[in-house]
Amino acid sequence: LENEKAKRVAEAEEQTKAAVERLGKDILISAMGQAATTYVAEYTVSTVSLPSEEWKGKIIGREGRNIRSLERMTGVEFDLEEAPNTVRLSSFDSVRRHIAKLSLERLIREDKFQPENIESVVKKIKGEVDQEIKKEGESIALEAGMGGLPSGIIDLLGRFKFRTSYGQNLAKHSLEMVRISAALAAEMGADVELCKAATLFHDIGKVATSEPGQPHAILSRKVLERFGFPEKMINAAASHHGDEERKSVEAETVYIADAISGSRPGARYEDIEGYIKRIESLEKIARSFPGVEDAYAISAGRELRVIVKAGEIGDEQAAKLVHDVTQRVRGEVAS
């Protein structure tokens, strides 16, 4: 009898495991089916077509004053040598790149390439883009079913439109996660509204501009704490990469939704050209400082190793060098 009981217990365990695995797969497939979308890879460059090759001379201006003014006002690199009748705009900051593109297109339409007019047009475009960001934030919140959000959160959500990760647009990624997490939460009896909010806000640290340089999940926590959201929701949003312990079923749901959205085939694309340019920019910044012998960006650009000349840089100077390099990287290379 004892042997028979042990055998039956073992069989019941195997049957239960198989049933749980089938049910789990069914839940995941159902959730994924409600959110399947097509992604178009986005890059770190934009292009503007010119009416003719002669326009490049107007953009450059006498002794290069026009193009210098454009680059100074927008913070974007203008490349006129890439292709005929084309200007290539290059920047890791997609908001700056968008402003530069719209500004150049308007200047071409108005045909007024003088430094003072360039400054005026760029300022106007920046104001228009700010309004566009606000409108986009309201649209994202509405699509996610989230009403009554603070204006500061709405502005940050609007910047999702201009932020990408491995070619995956942050707005589309977050809204896809909202649908996936809502479906998972409903199946598991978790708090659907909390999951929707946490997934919508999980990457909000990526667009926070006041405290760059920290992991985006930590920045997401700081932003959400600043706006007084409940701790359970903040933990669910901030723990999706394991930066802190996941303390609820809702937190696990956000983690799973992020994994599904980011890892499914076709969702993400590695922009090799942008990646190489980022690595080169990091190393170039470090090598520009006096006393630096060489520099190497490692861990896919997440870490910068700087080799100094021992006779020129002591321990105290090394600490200041680290600080100065960090500030330059934060200002010139998007996280």
Side-chain angles (χ1 to χ4, degrees), residues 42-139 151 154-156 158-164 169 171 207-210 212 271 273-274 276-278 280-282 284-285 287-289 324 327-335:
E42 301 187 29
Y43 301 88
T44 57
V45 296
S46 301
T47 58
V48 175
S49 298
L50 303 177
S52 66
E53 193 70 9
E54 287 73 25
W55 280 83
K56 290 185 178 180
K58 293 184 179 182
I59 295 171
I60 294 171
R62 183 179 298 175
E63 298 178 350
R65 63 179 187 172
N66 289 347
I67 194 168
R68 282 199 303 272
S69 180
L70 277 166
E71 291 183 338
R72 177 177 56 82
M73 288 295 298
T74 61
V76 173
E77 180 184 336
F78 286 68
D79 183 359
L80 282 69
E81 304 297 328
E82 179 68 21
N85 301 333
T86 301
V87 178
R88 176 175 160 136
L89 312 176
S90 180
S91 173
F92 292 108
D93 190 322
S94 53
V95 175
R96 289 181 183 178
R97 202 169 65 247
H98 184 60
I99 291 170
K101 187 175 189 291
L102 295 179
S103 299
L104 183 57
E105 290 174 343
R106 182 168 298 184
L107 287 164
I108 290 171
R109 285 199 306 270
E110 296 177 355
D111 193 10
K112 294 179 179 178
F113 278 97
Q114 296 86 29
E116 59 276 7
N117 191 55
I118 289 170
E119 186 172 340
S120 173
V121 167
V122 173
K123 285 182 178 178
K124 287 180 183 177
I125 294 294
K126 283 180 178 177
E128 292 173 8
V129 170
D130 286 342
Q131 291 301 312
E132 183 182 349
I133 287 172
K134 182 178 180 181
K135 187 180 294 185
E136 184 66 24
E138 292 170 348
S139 175
S151 60
I154 291 292
D155 288 341
L156 289 172
R159 297 181 74 87
F160 280 16
K161 177 182 176 180
F162 302 100
R163 186 66 161 80
T164 62
N169 180 269
V207 295
T209 56
S210 57
D271 179 6
E273 185 178 357
I276 292 173
K277 186 170 182 179
R278 175 186 174 85
E280 290 176 345
S281 297
L282 290 169
K284 184 178 178 182
I285 288 171
R287 290 174 185 146
S288 69
F289 285 85
D324 293 343
Q327 294 302 313
R328 282 276 304 278
V329 169
R330 286 178 179 174
E332 299 178 23
V333 182
S335 61

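As the structure is a computational prediction, the values presented were derived from the model and not from experiment. Numbering of residues begins at 1 and proceeds along the displayed sequence.
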By side-chain contact (heavy atoms from CB on, under 4.5 Å), which residues pair with [X], not counting sequence neighbours?
{"X": "Glu105", "answer": "Val48, Lys101, Leu102, Arg109"}
{"X": "Ser139", "answer": "none"}
{"X": "Arg287", "answer": "Glu283, Asp294, Ala295"}
{"X": "Asp155", "answer": "Lys134"}

Would you compute the distance between atom [atom1] of [X] and atom [atom2] of [Y] and round it to the nearest 0.5 angstrom?
{"X": "Leu80", "Y": "Leu50", "atom1": "CG", "atom2": "CG", "result": "7.0 Å"}
{"X": "Asp79", "Y": "Thr47", "atom1": "CG", "atom2": "OG1", "result": "11.5 Å"}
{"X": "Arg88", "Y": "Glu77", "atom1": "CZ", "atom2": "CD", "result": "8.5 Å"}
{"X": "Leu156", "Y": "Ile133", "atom1": "CG", "atom2": "CD1", "result": "9.5 Å"}

For [X], all residues meeting salt bridge (Lys or Arg N to Asp or Glu O under 4.0 Å), sequence neighbours excluded:
{"X": "Asp130", "answer": "none"}
{"X": "Arg106", "answer": "Glu128"}
{"X": "Glu132", "answer": "Lys161"}
{"X": "Lys126", "answer": "none"}

Please give me the minimum heavy-atom distance between [X] and [Y], naming the atom from each residue.
{"X": "Leu70", "Y": "Thr74", "result": "O-OG1, 2.7 Å"}
{"X": "Val129", "Y": "His98", "result": "CG2-CD2, 3.9 Å"}
{"X": "Ser49", "Y": "Ile108", "result": "O-CD1, 4.5 Å"}
{"X": "Val121", "Y": "Ser103", "result": "CG1-O, 3.9 Å"}

Measure from the side-chain N and O atoms of Ser69 to the backbone N and O of Ile67, and report whether any donor-acceptor pair falls under 3.5 Å.
-> no
So, does Glu71 use its side chain to make a donor-acceptor pair with the main chain of Phe78 at under 3.5 Å?
-> yes
Looking at side-chain heavy atoms only, is the closest gap between Glu110 and Asn117 below 4.5 Å?
-> yes
State, yes or no, whether a side-chain contact exists between Ser120 and Lys124 at a heavy-atom distance under 4.5 Å.
-> yes
For Asn66, the option from Ile59, Ile60, Ile118 that meets side-chain contact (heavy atoms from CB on, under 4.5 Å) = Ile118
For Asp324, check side chain to side chain donor-acceptor pair (under 3.5 Å) against everything at least two apart and list the hits.
-> Lys320
Residue pairs passing the side-chain hydrogen bond (donor to acceptor under 3.5 Å, both in side chains) test with at least one member in residues 50-63, sequence neighbours excluded, are Ser52-Glu54, Glu53-Lys56, Lys58-Asp111
So the ring-ring contact (aromatic ring centres under 6.0 Å, His included) pairs with at least one residue in residues 112-137 (sequence neighbours excluded) are none
